[in-house]
Asker: 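Dropping a structure here in structure tokens format, bear with me for questions.
First the proteins, then the strands, lettered A, B, ... as listed; each starts at 1.
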Number of protein chains: 2
Amino acid sequence: MDNKRELFQVLTRRFGLLNKNCCSVGAIDISTVHSHIIYEIDKQHEPTMQQIAETLAIDVTTFSRQIQTLIKMELVTKSPSLNDKRYYVLALTTQGKFMASAIEASMNNYLDEIFSHMNEFEQETVLRSIKLLNNAMSKSSVCCTPLL
Amino acid sequence: MDNKRELFQVLTRRFGLLNKNCCSVGAIDISTVHSHIIYEIDKQHEPTMQQIAETLAIDVTTFSRQIQTLIKMELVTKSPSLNDKRYYVLALTTQGKFMASAIEASMNNYLDEIFSHMNEFEQETVLRSIKLLNNAMSKSSVCCTPLL
DNA sequence: AAACGATACTTGTAAAATACAAATTAAAAG
DNA sequence: CTTTTAATTTGTATTTTACAAGTATCGTTT
């Protein structure tokens, strides 16, 4: 049973591709990183730059420039915190929220299509397993520690 | 049960990070893409440029330059095919093979550590599920088609 | 309150990754 | 032999990335 690594190699590759494909909505193309940023801003409560950057394990300087891009695309806003002007609070614009749900819908479509190739029982098993795996990874000392 | 997307979002993110971390062997840093290229050259039988590029869904022009880098790093060789001089056959150098097994070992370490947080039954279930998932993805019409 | 260091974020710069269009070389077809 | 098709490379331009250094704000110490 030591094709473990092979299984994961293929899985990561497929996910990478899935992520590349999934994120063009209408005329606008969204990169993988951008989709993750949008996803997290949508999810977290009034997050700051650093919070999102840390969650996604992106270098803050890189992140700063990516946010600038997303602001230019009018998907994200950045307002200085009232308590502490060093912080900026990130939020999605109306367009950004629309984009978030469009990506969500697109992703769900992909996933539903993929899951449609399995029977009910297999689907349940796979979902439960991914939960188990995520959990195990969150406990891991060697990787993935900062991520949600 | 519609946190499906959330589960996958986190999973892909973790895998991305895992892939980023796993690939520095000794003093040499190997990017995710490079590790995938090395993995595939090792696996396939006398592969050509296009074969690997297609397997990994990388643009051939990008791939051409990446191979140039790997050749400079003395991890890969590229020899014109005897039958058809348009083709180049890719192979790993001795160092490249060493690198491949070093990455393999490192990846196995990561995976073993992650799996150590689950019991025997869970481990079996997760592995079986990933097999199921890979299979479902390979049948999918909406994504991931070219990949292995 | 002035000075200090710490914190959050940005810019300078330079390297690497990416991809389209066009060029090159070699085989296959006519 | 000419034309077409195929495999790969180069020209070029954009994007991504990250280290080092910078700016601005806060908290703390004196």
Side-chain angles (χ1 to χ4, degrees), chain A residues 12-13 16-17 19-21 23-24 27-38 40-41 44 46-73 75-91 146, chain B residues 12-13 16-17 19-21 23-24 27-38 40-41 44 46-73 75-91 146:
Chain A
T12 56
R13 193 186 299 162
L17 193 69
N19 252 343
K20 239 181 223 168
N21 283 356
C23 300
S24 69
I28 306 173
D29 261 13
I30 296 285
S31 73
T32 304
V33 181
H34 284 172
S35 90
H36 277 272
I37 294 173
I38 290 171
E40 279 303 321
I41 293 178
Q44 294 189 25
E46 300 193 348
T48 66
M49 306 272 296
Q50 222 170 40
Q51 273 171 40
I52 303 287
E54 226 158 77
T55 306
L56 299 175
I58 301 174
D59 185 280
V60 278
T61 71
T62 304
F63 185 74
S64 171
R65 292 198 161 99
Q66 271 160 345
I67 285 295
Q68 283 168 21
T69 308
L70 287 169
I71 289 172
K72 248 177 225 150
M73 294 168 85
L75 296 172
V76 168
T77 58
K78 192 181 79 176
S79 21
S81 165
L82 300 175
N83 317 334
D84 187 333
K85 284 178 199 161
R86 288 172 301 179
Y87 292 87
Y88 286 91
V89 174
L90 299 174
Chain B
T12 55
R13 193 187 299 163
L17 195 70
N19 252 345
K20 240 181 222 168
N21 284 356
C23 300
S24 68
I28 307 174
D29 261 11
I30 296 284
S31 74
T32 303
V33 181
H34 283 173
S35 88
H36 276 273
I37 294 174
I38 290 172
E40 278 303 320
I41 293 178
Q44 293 189 26
E46 302 193 347
T48 67
M49 305 274 295
Q50 223 172 40
Q51 271 170 42
I52 302 286
E54 227 158 76
T55 306
L56 299 175
I58 302 173
D59 186 278
V60 279
T61 70
T62 304
F63 185 74
S64 170
R65 292 197 161 100
Q66 270 159 346
I67 286 294
Q68 283 168 20
T69 308
L70 288 169
I71 288 171
K72 250 178 223 149
M73 295 167 85
L75 297 172
V76 167
T77 58
K78 193 182 77 176
S79 23
S81 165
L82 300 176
N83 317 335
D84 187 333
K85 283 178 199 160
R86 289 174 303 179
Y87 292 87
Y88 286 90
V89 174
L90 299 173

Asker: Can you tell me how far OG of A/Ser64 sits from CD1 of A/Ile58, rounded to the nearest 0.5 angstrom?
Answerer: 11.5 Å
Asker: Ignoring hydrogens and angles, answer whether the base of D/dT12 and the side-chain atoms of B/Arg65 contain a donor-acceptor pair closer than 3.5 Å.
Answerer: yes
Asker: Would you mind reading off the distance between B/Tyr88 atom OH and C/dT25 atom C1', rounded to a whole angstrom?
Answerer: 8 Å
Asker: Once you round it to whole Å, what is the distance between C1' of D/dT14 and CG of A/Asp29?
Answerer: 14 Å
Asker: Among C/dA8, D/dT10, D/dT8, find the nucleotide with the atom closest to the side chain of A/Gln50.
Answerer: C/dA8
Asker: Contact class for A/Thr48 vs. all strands (heavy atom < 4.0 Å): base, sugar-phosphate, or nothing?
Answerer: sugar-phosphate
Asker: Start at the 5' end of DNA chain D and walk down; is the nucleotide closest to A/Lys85 or to A/Asp59 reached first?
Answerer: A/Asp59
Asker: Can you tell me how far P of D/dT9 sits from NZ of B/Lys72, to the nearest Å?
Answerer: 13 Å
Asker: Let me know the distance between CG of A/Leu90 and P of C/dA8, rounded to the nearest Å.
Answerer: 14 Å
Asker: Between the base of C/dC9 and the side chain of A/Thr61, is there a donor and acceptor pair under 3.5 angstrom?
Answerer: no
Asker: Looking at the side chain of A/Thr62, which of C/dA27, D/dT9, D/dT17 is the nearest nucleotide?
Answerer: D/dT17
Asker: Name the nucleic acid region contacted by A/Phe63, choosing base, sugar-phosphate or nothing; use a 4.0 angstrom heavy-atom cut-off, strictly under.
Answerer: nothing
Asker: When rounded to the nearest 0.5 angstrom, what distance separates OG in A/Ser81 from CZ in A/Arg86?
Answerer: 10.0 Å
Asker: Whole-Å distance between C/dT18 P and B/Gln68 CD?
Answerer: 14 Å
Asker: For A/Ile67 and C/dA8, give me the distance from atom CD1 to atom P, rounded to whole Å.
Answerer: 16 Å
Asker: Looking at C/dA16, I'd like to know if its phosphate oxygens (OP1 or OP2) sit under 4.0 Å from a side-chain N or O belonging to B/Gln66.
Answerer: no
Asker: If you check the B/Val33 side chain, which of C/dA6, C/dT18, D/dT17 turns out closest?
Answerer: C/dT18
Asker: Between B/Val60 and A/Ser81, which is nearer to the 5' end of DNA chain D once each is assigned its nearest nucleotide?
Answerer: B/Val60
Asker: Take the protein atom NZ of A/Lys78 and the nucleotide atom P of C/dC9, then report the distance between them rounded to whole Å.
Answerer: 9 Å
Asker: Without decimals, in angstroms, what is the distance between B/His36 NE2 and C/dT18 P?
Answerer: 12 Å
Asker: Could you check which of D/dT8, C/dT7, C/dA17 has an atom nearest any side-chain atom of A/Tyr87?
Answerer: C/dT7
Asker: Considering only side-chain heavy atoms of B/Arg86, which listed nucleotide, D/dT25, C/dA17, C/dA27, is closest?
Answerer: C/dA27
Asker: Which heavy-atom pair separates B/Lys78 from B/Tyr88 by the least distance, and what is that distance?
Answerer: CG-CB, 3.6 Å
Asker: Which residue is it: B/Gln44, B/His36, B/Glu40? I am looking for the one with a side-chain hydrogen bond (donor to acceptor under 3.5 Å, both in side chains) to B/Thr55.
Answerer: B/Gln44
Asker: Would you name the heavy atoms of A/Ser35 and A/Ile30 that are closest together and state the gap between them?
Answerer: N-CG2, 3.5 Å
Asker: Return no unless some side-chain N or O of B/Ser64 is found under 4.0 Å from OP1 or OP2 of D/dT9.
Answerer: yes
Asker: Quick one, A/Thr77 with A/Ile71, criterion side chain to side chain contact (heavy atoms under 4.5 Å, CB included). Give me CA distance, side-chain angles, the key distance, then yes/no.
Answerer: CA-CA 6 Å; A/Thr77 58; A/Ile71 289 172; over 6 Å; no
